[in-house]
Amino acid sequence: MKILVIGGSYFFGRVFVMQATKAHDITVVNRGTYSMAQLGVKQVTGDRKSAELWKSIDEDFDVMVDFCAYEKGDIANVLQNVNGKVGQYILISTVDVYRRGIQGRKEEGAPLEVRELPGEAGSYIAGKVALEEEVRAVCGRLNIKYTVLRPAVLYGPYNYAPRESVYIKMMVQEHVLPHIMDATGAFQFVYVKDAAEAVIRCMHNERAYGQAYNLCQDGFSTYDLVFEALARAAGAEMSAVKSSQSDLQGTEPSWDEVRYTVKEAKDLGLPLPFPVTAAESELYSNEKSKRELGISYSKLWEGMEKTYRAFRRVYAG
């Protein structure tokens, strides 16, 4: 298939391109901050908000995958100006679009957040909610199939957001792994390669047309589980090093567990990238994605082990 990717040079988009280019003809449209040439794809550089950029694209594409639509009008600007035909539009949204405070795990039909929430997070959520309505309206008017994907907290190699990589950097460079002892928050991850596989499974999939899917792990995570997963990941790598080297000197774990309360961590300015209280926690169902897309989600320790290895190489220099 011919696929046009909007964004694609950073985290989720980059991993998708790396996986999809093995079997598909990929064109990436982005600002050109990072070259995609080494991935064997065609790269078109420009500002997605420019109508002229899209008017210059006259190829037909089986699928467009949009990783960087954030504001109302972003989708309309693409589809109303591109000259080529588009078979399916896949919008990467977020589980944050759901109305806050709904009890239990939110399924895809749960009400979306229509209140104005404060700060950058509120603006981000409002933008994604508006874009979900926009993709339905514009694609309906232009007779284009569409699918919406709502990932939870993405993690994995190439993650530029200060989440799990913050702790891995501390392990490698400061030789400590904080253990937040009294956090009561619960949250859900999705390993980036699982999310990329979900995109691939939606492409030209009639069952996915007009549908939205939550992408998130089975169960939920806590600060305790993140600590355990990172500790296990470091231990697994150490075992691999020991089994491949005759000289074991210097291969013992080089980090220490340091315990903090949430208050102590905040007072020290330590990163707390995930919800720390039950009141902040919002959970989601992944049953529809497993049932209709056949997705199997990685266990946290499995994905975190791969993530640890990737970031350790970066931070170790």
Inset, instruction - Using the side chain to side chain contact (heavy atoms under 4.5 Å, CB included) rule, take Arg312 and Arg309 through it: C-alpha gap first, then chi angles, then the decisive distance, then the call. - result: CA-CA 5 Å; Arg312 191 185 188 286; Arg309 289 201 303 266; 5.9 Å; no

Pair [X] + [Y]: basic N to acidic O under 4.0 Å:
{"X": "Asp74", "Y": "Lys49", "result": "yes"}
{"X": "Glu134", "Y": "Lys72", "result": "no"}
{"X": "Glu133", "Y": "Arg136", "result": "yes"}
{"X": "Lys306", "Y": "Glu302", "result": "no"}
{"X": "Lys266", "Y": "Glu264", "result": "no"}

Could you check if a side-chain atom of [X] sits within less than 4.5 angstrom of a side-chain atom of [Y], using non-hydrogen atoms only?
{"X": "Leu177", "Y": "Met170", "value": "no"}
{"X": "Pro151", "Y": "Ile92", "value": "yes"}
{"X": "Met171", "Y": "Leu230", "value": "yes"}
{"X": "Tyr315", "Y": "Lys169", "value": "yes"}
{"X": "Glu132", "Y": "Arg150", "value": "yes"}
{"X": "Thr261", "Y": "Met181", "value": "no"}
{"X": "Leu4", "Y": "Ile6", "value": "yes"}
{"X": "Val153", "Y": "Gln188", "value": "no"}

Mark yes when over 12 heavy atoms from residues, nucleotides or ligands other than [X] sit less than 6.0 Å from its [atom1]; otherwise mark no.
{"X": "Gln38", "atom1": "CD", "result": "yes"}
{"X": "Arg31", "atom1": "CZ", "result": "no"}
{"X": "Lys288", "atom1": "NZ", "result": "yes"}
{"X": "Lys145", "atom1": "NZ", "result": "no"}
{"X": "Asn143", "atom1": "CG", "result": "no"}
{"X": "Tyr158", "atom1": "OH", "result": "no"}
{"X": "Glu107", "atom1": "CD", "result": "no"}
{"X": "Phe220", "atom1": "CZ", "result": "no"}

Between [atom1] of [X] and [atom2] of [Y], what distance do you get to the nearest 0.5 Å?
{"X": "Ser289", "Y": "Ile295", "atom1": "OG", "atom2": "CD1", "value": "6.5 Å"}
{"X": "Tyr160", "Y": "Phe11", "atom1": "OH", "atom2": "CZ", "value": "8.5 Å"}
{"X": "Tyr146", "Y": "Asp66", "atom1": "OH", "atom2": "CG", "value": "15.0 Å"}
{"X": "Glu287", "Y": "Glu108", "atom1": "CD", "atom2": "CD", "value": "9.5 Å"}
{"X": "Thr27", "Y": "Glu59", "atom1": "OG1", "atom2": "CD", "value": "5.0 Å"}
{"X": "Leu131", "Y": "Ile75", "atom1": "CG", "atom2": "CD1", "value": "4.5 Å"}

Okay, side chain of [X], backbone of [Y]: is any donor-acceptor separation there less than 3.5 Å?
{"X": "Asn83", "Y": "Lys55", "result": "yes"}
{"X": "Arg163", "Y": "Tyr155", "result": "no"}
{"X": "Glu280", "Y": "Thr277", "result": "yes"}

Between [X] and [Y], do the side chains contain an N or O donor and an N or O acceptor separated by less than 3.5 Å?
{"X": "His24", "Y": "Asp62", "result": "no"}
{"X": "Asp194", "Y": "Ser298", "result": "yes"}
{"X": "Gln88", "Y": "Thr147", "result": "yes"}
{"X": "Gln217", "Y": "Lys299", "result": "no"}

Is there a path of hydrophobic side-chain contacts, each under 4.5 Å between heavy atoms of I, L, V, M, F, W or Y residues, that connects [X] with [Y]?
{"X": "Leu270", "Y": "Val172", "value": "yes"}
{"X": "Val44", "Y": "Leu39", "value": "no"}
{"X": "Met36", "Y": "Phe67", "value": "yes"}
{"X": "Ile57", "Y": "Ile144", "value": "yes"}
{"X": "Tyr98", "Y": "Leu283", "value": "no"}

Inset, instruction - On the 0 to 90° scale, with breaks at 30° and 60°, tag the Phe189-Phe187 ring pair as parallel, tilted or perpendicular. - result: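 Correct class here is perpendicular.
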
Inset, instruction - Check whether the ring centres of Tyr191 and Tyr297 lie less than 6.0 Å apart, and answer yes or no. - result: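 That pair fails the under 6.0 Å test.
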
Legend entry - Chi angles and distances behind the salt bridge (Lys or Arg N to Asp or Glu O under 4.0 Å) call for Arg232, Glu305: CA-CA 7 Å; Arg232 180 172 179 172; Glu305 184 177 322; 5.6 Å; no

Inset, instruction - Check step by step if side chain to side chain contact (heavy atoms under 4.5 Å, CB included) holds for Leu149 and Cys202. - result: CA-CA 9 Å; Leu149 295 177; Cys202 286; 3.8 Å; yes

Inset, instruction - Please lay out, stage by stage, how Tyr10 and Val15 fare under the test side chain to side chain contact (heavy atoms under 4.5 Å, CB included). - result: CA-CA 8 Å; Tyr10 287 98; Val15 173; over 6 Å; no

Inset, instruction - Please step through salt bridge (Lys or Arg N to Asp or Glu O under 4.0 Å) for the pair Asp218 and Lys290, ending with a clear verdict. - result: CA-CA 10 Å; Asp218 297 329; Lys290 293 196 295 184; 3.0 Å; yes

Legend entry - Evaluation steps, side chain to side chain contact (heavy atoms under 4.5 Å, CB included), between Lys85 and Phe61: CA-CA 6 Å; Lys85 294 180 181 178; Phe61 291 95; over 6 Å; no

